[in-house]
Amino acid sequence: MSVPGESSHYIMAPEVRKMELDRLNLEEKKPRNAAVMMLFYPVKSSTHFVLILRPIYKGVHSGQVALPGGKVEKYDEDYTMTALRETEEEVGVEISKVKVLKPLTKVYIPPSNFWVHPFLGYTEDRPDFVIQEEEVAKVIEVPIQELLDENNVASKILSTSYAKNIEVPSFDLKGYTVWGATAMMLSELKTLFKTSLEL
């Protein structure tokens, strides 16, 4: 099945982000590359996926909810390996236990100048999460039903690294506000799941 693509990202993109993306010349920006993992696993009779809460630090993604992942290193064979390696490093899920299903559509993040390449994967059992404390403050386990529930979509007024008091579309997942690039990637995932359920 093909993936929904950028149109699904824009559902959860702040207006200021849309305007910025429309006027950017990305070739001139020479973005770096990163990869993240949308990791699914069973918990009793339901399917969950994992998010992480970033610690507070001096940086553009301080205290934000994100997917496990990070920047490409020169020794990574490809973006898939980056996503797998970072997931193992950040939340302790062994590479050998993850089955990667497919890549989704990359997202550009202006504040940090990264192309982020998301991948969809799963494990047969719930992982024993072990966090990398320098990078992760908390593991957040989210039932897929919460992502698919339209009642968990809302607009919030937030102050970001690039704008103060702006209205942003967000997901409310396990009591956390998920917005920005992570929400954009999850929007594509949500669209993919809902399309699959309709087939």
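Model, not experiment: these values are computed from the prediction.
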Value rounded to 0.5 Å, distance of CZ in F119 from CG in L101: 12.0 Å

Over 60° means perpendicular and under 30° means parallel, so classify the ring planes of F40 and F49, tilted if in between. tilted

Roughly how far apart are F193 CZ and E188 CD, rounded to 0.5 Å? 12.0 Å

Minimum heavy-atom separation for Y79 and A35, please, with both atom names. O-CB, 3.3 Å

Taking all atoms of both residues into account, what is the closest heavy-atom pair of P42 and R126, and its distance? O-CB, 3.5 Å

Cluster overlap M81 with V116, hydrophobic side-chain contacts below 4.5 Å: no

Given 3.5 Å as the limit, does a donor-acceptor pair link the side chain of R32 with the main chain of S112, or not? yes

Under 3.5 Å, is there a donor-acceptor pair between the side chain of N152 and the main chain of L147? no

Is it the case that the side chain of T182 and the backbone of V178 share a donor-acceptor pair, with hydrogens and angles ignored and the cut-off at 3.5 Å? no

For V36, the option from M185, E86, H117 that meets side-chain contact (heavy atoms from CB on, under 4.5 Å): M185

Closest heavy-atom pair and its distance - H48, S46: CE1-OG, 3.0 Å

Starting from the C-alpha separation in whole Å, work towards a yes-or-no answer on side-chain hydrogen bond (donor to acceptor under 3.5 Å, both in side chains) for Y41 and E124. CA-CA 6 Å; Y41 53 91; E124 296 284 354; over 6 Å; no

When rounded to the nearest 0.5 angstrom, what distance separates CG in L120 from NZ in K99? 12.0 Å

I would like to know whether E88 and V93 meet side-chain contact (heavy atoms from CB on, under 4.5 Å); could you show each step before the answer? CA-CA 4 Å; E88 183 173 63; V93 182; 5.7 Å; no

What's the separation between atom CG in N151 and atom CD in E146, rounded to the nearest 0.5 Å? 11.5 Å

State plainly whether one hydrophobic cluster holds both M184 and L39, where clusters connect Ile, Leu, Val, Met, Phe, Trp and Tyr through side-chain heavy atoms under 4.5 angstrom apart. no

Do you know which two heavy atoms are closest between K102 and L192, and how far apart they sit? CD-CD2, 4.5 Å

Could you check T105 against E6 for side-chain hydrogen bond (donor to acceptor under 3.5 Å, both in side chains), going step by step and ending with a plain yes or no? CA-CA 7 Å; T105 308; E6 287 185 356; over 6 Å; no

Between the side chain of S187 and the main-chain N/O of A183, is any donor-acceptor distance below 3.5 Å? no

Are the side chain of N113 and the backbone of P110 linked by a donor-acceptor contact shorter than 3.5 Å? no

Shortest non-hydrogen separation from M37 to A83 and the atoms involved: CE-CB, 3.9 Å

What distance separates F129 CZ from T87 OG1, expressed to the nearest 0.5 Å? 9.5 Å

Among the clusters formed by ILVMFWY side chains lying less than 4.5 Å apart, do I131 and L51 turn up in the same one? no

Salt bridge between R54 and E90, side-chain N to carboxylate O under 4.0 Å? yes

Side-chain donor/acceptor of D78 to backbone N/O of T80, under 3.5 Å: yes

Ignoring hydrogens, what is the shortest heavy-atom contact between L186 and M38? Give both atom names and the distance. N-CE, 4.2 Å

Going through the checks in order, is the side-chain hydrogen bond (donor to acceptor under 3.5 Å, both in side chains) test met by T177 and K156? CA-CA 9 Å; T177 298; K156 300 281 182 74; 3.1 Å; yes

